[in-house]
Protein chains: 2
Amino acid sequence: MFGSSLWSVSAEPVSRRARPAKAPLSRAVIVRTGLRVLDREGLDALTMRRVAQVLDTGAASLYVYVKNRDDLMAAMLDEALGRVRLPTDGSWQERLQLLVANSIEAMSRHEGLALVALGGIPTGLNALLVMDRMLALLKEGGLDDKTAAWAVDLLYLHITVAGAEQAAYNTKKMNEADHIAEVRKLYAELPADRYPLLTSMGDALFSAGDRDRWAIQVLVNGILNTPADR
Amino acid sequence: MFGSSLWSVSAEPVSRRARPAKAPLSRAVIVRTGLRVLDREGLDALTMRRVAQVLDTGAASLYVYVKNRDDLMAAMLDEALGRVRLPTDGSWQERLQLLVANSIEAMSRHEGLALVALGGIPTGLNALLVMDRMLALLKEGGLDDKTAAWAVDLLYLHITVAGAEQAAYNTKKMNEADHIAEVRKLYAELPADRYPLLTSMGDALFSAGDRDRWAIQVLVNGILNTPADR
DNA sequence: ACCTGAACACCGTTCAAGT
DNA sequence: ACCTGAACACCGTTCAAGT
């Protein structure tokens with residue numbers, strides 16, 4: 001009875017105003033959507049299905065623009081690195097330290113993204129730009145090519161871990177003070193004969209201060225004092 | 001016709017010799033089995049189901065001894081760190097550098113394991129032992145408590161990334177030389193105006209040498225030259 | 001050419017039910 | 001007490017079929 005009318009309804013052309021054209025898919029749109037999903041819903045929610053859903057399509061459609069989930073995350077990381085501000089003022093050492101700090105900060109904003117940088121020479125255009133600027137600063141500081149090259153490797157590695165750690169820290173559900181108190185208690189209760197330092201210097205272990213800034217200074221000072229060719 | 005005999009067969013007691021008692025489950029056995037699965041079949045194969053299968057049981061049985069997959073992997077990491085050799089000879093700097101190198105090596109033997117250390121103050125008994133020994137060496141070197149504490153943080157962070165990178169490198173399916181050649185080509189083909197250093201100093205970027213050893217030296221030198229209290 | 005429904009081959013984790 | 005079959009609520013990825 002309703003068969004043919006139902007059929008004709010679904011065959012009827014639908015006004016574009018009632019059902020407006022979707023924004024066309026593209027790699028850039030998928031990458032930005034992935035970043036939004038990651039930032040708003042967390043790493044667990046960053047699934048191909050969820051990203052597709054936000055774009056009002058099916059997961060299969062993403063594979064035209066993105067090789068797989070890892071490829072998507074790598075692209076998201078590079079997008080995030082595109083937001084790094086390149087310092088212009090101060091001595092070369094100040095600019096280098098700020099560039100490293102800015103890169104760490106950019107990575108730390110997005111849960112789990114820093115980890116995809118591990119195990120793989122960077123190939124993203126924005127990651128490479130950061131590396132090129134670091135090389136320029138190191139050469140400005142008078143380092144030889146080999147030391148500068150190795151230094152950039154090490155600095156990028158540090159950016160990755162520091163970013164990952166900071167991101168994990170930012171995302172921790174647990175109350176930070178509670179967590180530290182708990183670990184502190186664990187350290188204090190360790191057997192003192194096997195862990196003499198951890199049990200005895202508890203206060204210093206959790207001492208406040210800008211550890212991130214200090215770590216970057218350590219790296220730069222170390223690089224200046226350690227030529228690659230012994 | 002065969003109904004009752006089949007039924008009686010399955011009800012018949014089976015000799016323990018024909019079907020020997022399984023080794024009883026325990027946290028230690030599960031952790032060691034996980035490590036074996038990881039080393040032999042890779043990170044993708046490290047599933048609760050696969051570990052259980054090797055132990056001739058169901059995945060659900062593991063949850064009596066292990067909170068979840070992350071807990072299992074954390075325990076596996078600490079087990080791996082239990083294999084780190086603690087150096088006894090040489091100056092405190094030599095012993096420290098060797099301890100760091102040994103720790104990196106231990107982590108790098110097991111794909112993906114280093115990553116579980118990220119984002120979380122270490123609490124495994126073997127990780128803590130490595131940290132305690134590092135603290136002892138730094139204090140032997142005359143560092144104040146605060147600098148020593150921050151230094152151990154930084155060194156452990158470096159052990160983690162370096163281990164993760166090395167592990168990824170060890171596990172790479174692709175021919176190493178081919179991969180480097182590919183990246184080198186990518187760098188060379190970058191626009192020279194935007195990437196002046198990467199395009200011009202290609203040789204130095206891929207220069208051979210012991211980068212890992214150099215990186216550890218950089219860290220130690222930097223730590224010695226950078227007190228935590230400015 | 002571009003898109004997608006449906007299926008494939010898995011996951012981690014829980015829990016009622018068994019011994 | 002200890003163990004487990006089966007189910008729940010998902011995954012990433014592929015591909016034949018549609019428009």
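For the numbers below, each heavy atom of this structure counts, side chains included, while hydrogens, waters and symmetry mates do not. Order of the sequence lines sets the chain letters (A, B, ...), proteins ahead of strands, with each chain counted from 1.
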(message) Base contacts versus sugar-phosphate-only contacts with protein, heavy atoms under 4.0 Å: please encode nucleotides 14-19 of chain D as B, S and - from 5' to 3'.
(response) BB----

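In this structure, CZ of B:R50 is placed 18 Å from P of C:dA9, rounded to the nearest angstrom. Atoms CG (B:L25) and P (D:dA1) sit 18 Å apart, rounded to a whole Å. Atoms CD1 (B:I30) and P (D:dC3) sit 9 Å apart, rounded to a whole Å. One can place CZ of A:R69 at 15 Å from C1' of C:dC10, the figure rounded to the nearest angstrom. Here C:dA9 presents its P atom at 15 Å from CZ of B:R49, a figure rounded to the nearest Å. When rounded to the nearest whole Å, the span between CE of A:M48 and P of D:dT13 equals 6 Å. Atom CG of A:L62 is separated from atom P of C:dT4 by 10 Å (rounded to the nearest Å). In this structure, the CZ atom of A:R27 is 18 Å from the C1' atom of C:dC2, given to the nearest Å.
The CZ atom of B:R50 sits 4.0 Å away from atom CD of B:E41, with the distance rounded to the nearest 0.5 Å. Put simply, CD on A:E165 and CG on A:D212 are 7.5 Å apart, with the number rounded to the nearest 0.5 Å. Separating the CG atom in A:L43 from the CD atom in A:E111 is a distance of 4.5 Å, to the nearest 0.5 Å.
With A:Y195 as reference, A:L198 is the one residue of A:L198, A:D193, A:L197 to meet the side chain to side chain contact (heavy atoms under 4.5 Å, CB included) rule. For the side chain to side chain contact (heavy atoms under 4.5 Å, CB included) criterion with A:D71, the lone passing option out of A:V66, A:V31, A:V116 is A:V66.
Residues B:V51 and B:G34 approach most closely at CG2-CA, 4.1 Å, considering heavy atoms. Heavy-atom minimum distance, A:P87 versus A:L99: CG-N, 3.6 Å. Shortest non-hydrogen contact noted between B:L113 and B:A80 is CD2-CB, 4.4 Å.
For A:S61, a side-chain nitrogen or oxygen approaches OP1 or OP2 of C:dT4 to under 4.0 Å.
Heavy-atom contacts from other residues, nucleotides or ligands closer than 6.0 Å to CZ of A:R109 number 12 or fewer. Within 6.0 Å of CZ in B:R85 there are 12 or fewer heavy atoms belonging to other residues, nucleotides or ligands.
With P as the reference atom, C:dA9 and D:dA9 are 23 Å apart, rounded to whole Å.
Scanning DNA chain C for stems, defined as runs of 3 or more consecutive Watson-Crick or G-U wobble pairs whose donor-acceptor distances all fall under 3.5 Å, gives the following ranges: C:4-8 with D:12-16, C:12-16 with D:4-8.
Classification of the A:W150-B:W214 ring pair by plane angle, with boundaries at 30° and 60°, yields perpendicular.
Interface residues of residues 35-47 of chain A facing DNA chain C, ordered by number: none; criterion, heavy-atom separation under 4.0 Å.
For A:N68, counting side-chain heavy atoms from C-beta on, the closest listed nucleotide (D:dG12, C:dT13, D:dT13) is D:dT13.
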